Amino acid sequence: MKSLIAFLALAVMVGVPVALQAAGPSVPLDAVKVDVTNEASLQRGARLYFNYCMGCHSAQYMRYSRVGRDLGLTENQVIHSMIFTTDEDGELVNPGSLITNAMTADYGEEAFGVEPPDLTLVARVRGEDWLYTFLRGFYRDNSRPLGVNNIVFDNVGMPHPLWELQGWQEKHLDANGVSRLRVVEPGRMSGPEYDRAIRDLVTFLSYLAEPMQVERQRIGVYVMLFLIVFLGLAYLLKKEYWKDVH
Ligand code: HEC
């Protein structure tokens, strides 16, 4: 018994600091609520992804046709609004293809010092709040090679892909000594508009990482309905079986 107590005490002593360390980044993340069943939001997010991210990042575990089907787009819309990648003959790749791009690992490393990672699963790895804070967290920093840094990803190798929309932010300390970002050069969108656009983009990334979640929620409703009906039937049956006993 004594050794068990000693063991538990040790586990707490070792475990608590580890748990605290793993509690997350020092910058608090902004929470976002995404709704992957909102088709319009998914479509707007996909448009941002294919226009602003695909040049550097692939989503090579997903096919264009699947995205099109899940987002309620026709094949023509998929071809005209999502596919910019060409094959060796210079033809647009077909909608059944995986979502790859022409960026090679060598080129990525040469240009940015690090290869832009594939984004298919990034929402699972980083979480939605992190992505939401990251994509709104770029600020000017002249000590960096690209002149830009990020509040949750220090010394990031990625340029700010959406500066035209958000404008440029700078970091300053508020009265409590906490780092805050402030837009110093406005972009095409206002602050709330940009936040909404990023929510759409994170919604799309969340769908991309787990496309079944849309289907799963729909099936879940039917399962619950079935269980409720079945409960009613089971109750009636029970009454029928026991009516002669009582
Ligand atoms: C000009 C090329 C370029 C464009 C365009 C670009 N990125 Fe990146 N991105 C990078 C590079 C390079 C990195 C790696 C940064 C590092 O590790 O320091 C990166 C990293 C990331 C990461 C962090 C991944 C991780 O888990 O470490 C995310 C998320 C991301 N990009 C999302 C996006 C999104 C969303 C867009 C479109 C709005 C976008 N990127 C557009 C080059 C780009």
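Quantities reported herein were computed from a predicted structural model and do not represent experimental measurements. First listed ligand is number 1; within each ligand, the first listed atom is number 1.
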(message) Hydrophobic cluster membership, with links at side-chain heavy-atom distances under 4.5 Å among I/L/V/M/F/W/Y: are Phe84 and Leu208 in one?
(response) yes

(request) Closest by any non-hydrogen atom to atom 31 (N) of ligand 1: pick that one out of Glu109, Met158, Glu115. (result) Met158

(message) For Asp118 and Thr120, which I'm curious about, is there any donor-acceptor pair between the side chains at under 3.5 Å?
(response) yes

(request) Return the residue, atom name and 0.1 Å-rounded distance of the protein heavy atom closest to atom 7 (N) of ligand 1. (result) His57 NE2, 2.7 Å

(message) Heavy atoms only, cut-off 4.0 Å: how does Val125 contact ligand 1, side chain, backbone, both, or neither?
(response) neither

(message) Just to check, does Pro159 reach to within less than 4.0 Å of ligand 1 when the distance is taken from its heavy atoms?
(response) yes

(request) Show which atoms of ligand 1 fall inside a sub-4.0 Å distance from at least one heavy-atom site of Pro117. (result) 13 (C), 14 (C), 19 (C), 20 (C), 24 (C)

(request) Check the pair Asp200, Ser41 against side chain to side chain donor-acceptor pair (under 3.5 Å), reporting the backbone distance first and the verdict last. (result) CA-CA 5 Å; Asp200 293 337; Ser41 170; 2.8 Å; yes

(message) Salt bridge check, Arg218 against Glu215: does any charged N sit closer than 4.0 Å to a carboxylate O?
(response) yes

(message) Among all the protein's non-hydrogen atoms, which is closest to atom 35 (C) of ligand 1, and how far away is it?
(response) Cys53 SG, 3.5 Å

(message) Below the 3.5 angstrom mark, is there an N/O of Gly157, backbone or side chain, next to an N/O of ligand 1?
(response) yes

(request) Please work out which of the three classes, parallel, tilted or perpendicular, describes the rings of Phe226 and Phe230, given edges at 30° and 60°. (result) parallel

(message) Take a 6.0 Å sphere around CD of Glu193 and say whether it holds more than 12 heavy atoms from other residues, nucleotides or ligands.
(response) yes

(message) Once you measure the plane-to-plane angle for His160 and Phe138, does it fall in the parallel (<30°), tilted (30-60°) or perpendicular (>60°) bin?
(response) parallel

(message) Quick test: of every protein heavy atom, which one is nearest to atom 27 (O) of ligand 1, and how far off is it to 0.1 Å?
(response) Arg126 NH2, 2.9 Å

(message) Within the supplied structure, the quantity of interest is the number of heavy atoms (other residues, nucleotides, ligands) at a distance under 6.0 Å from Asn142 CG; does it exceed 12?
(response) no

(request) Return the residue, atom name and 0.1 Å-rounded distance of the protein heavy atom closest to atom 22 (C) of ligand 1. (result) Phe134 CE2, 3.7 Å

(request) Look at atom 32 (C) of ligand 1 and say which protein heavy atom is nearest, naming residue and atom and giving the distance to 0.1 Å. (result) Leu119 CD1, 3.6 Å

(message) Test of understanding: given a 4.0 Å heavy-atom threshold, classify the contact between Leu48 and ligand 1 as side chain, backbone, both, or neither.
(response) neither

(message) Using a 4.0 Å cutoff against the non-hydrogen atoms of Leu131, which atoms of ligand 1 qualify?
(response) 29 (C)

(request) Mark yes when over 12 heavy atoms from residues, nucleotides or ligands other than Trp168 sit less than 6.0 Å from its CH2; otherwise mark no. (result) yes

(request) Among all protein heavy atoms, pick out the one at the shortest distance from atom 17 (O) of ligand 1; state its residue, atom name and that distance to 0.1 Å. (result) Phe153 CZ, 3.4 Å

(message) Main chain of Glu164, side chain of Arg188: is a donor-acceptor contact present, judged purely on distance under 3.5 Å?
(response) no

(request) Starting from atom 4 (C) of ligand 1, find the nearest protein heavy-atom neighbour and note its residue, name and distance. (result) Cys56 SG, 3.3 Å

(request) Report the part of Tyr49 in contact with ligand 1, treating N, CA, C, O as backbone and CB onward as side chain, heavy atoms under 4.0 Å; options are side chain, backbone, both, neither. (result) neither

(message) Tell me the protein heavy atom at minimum distance from atom 5 (C) of ligand 1, and give that distance in Å.
(response) Tyr52 O, 3.3 Å

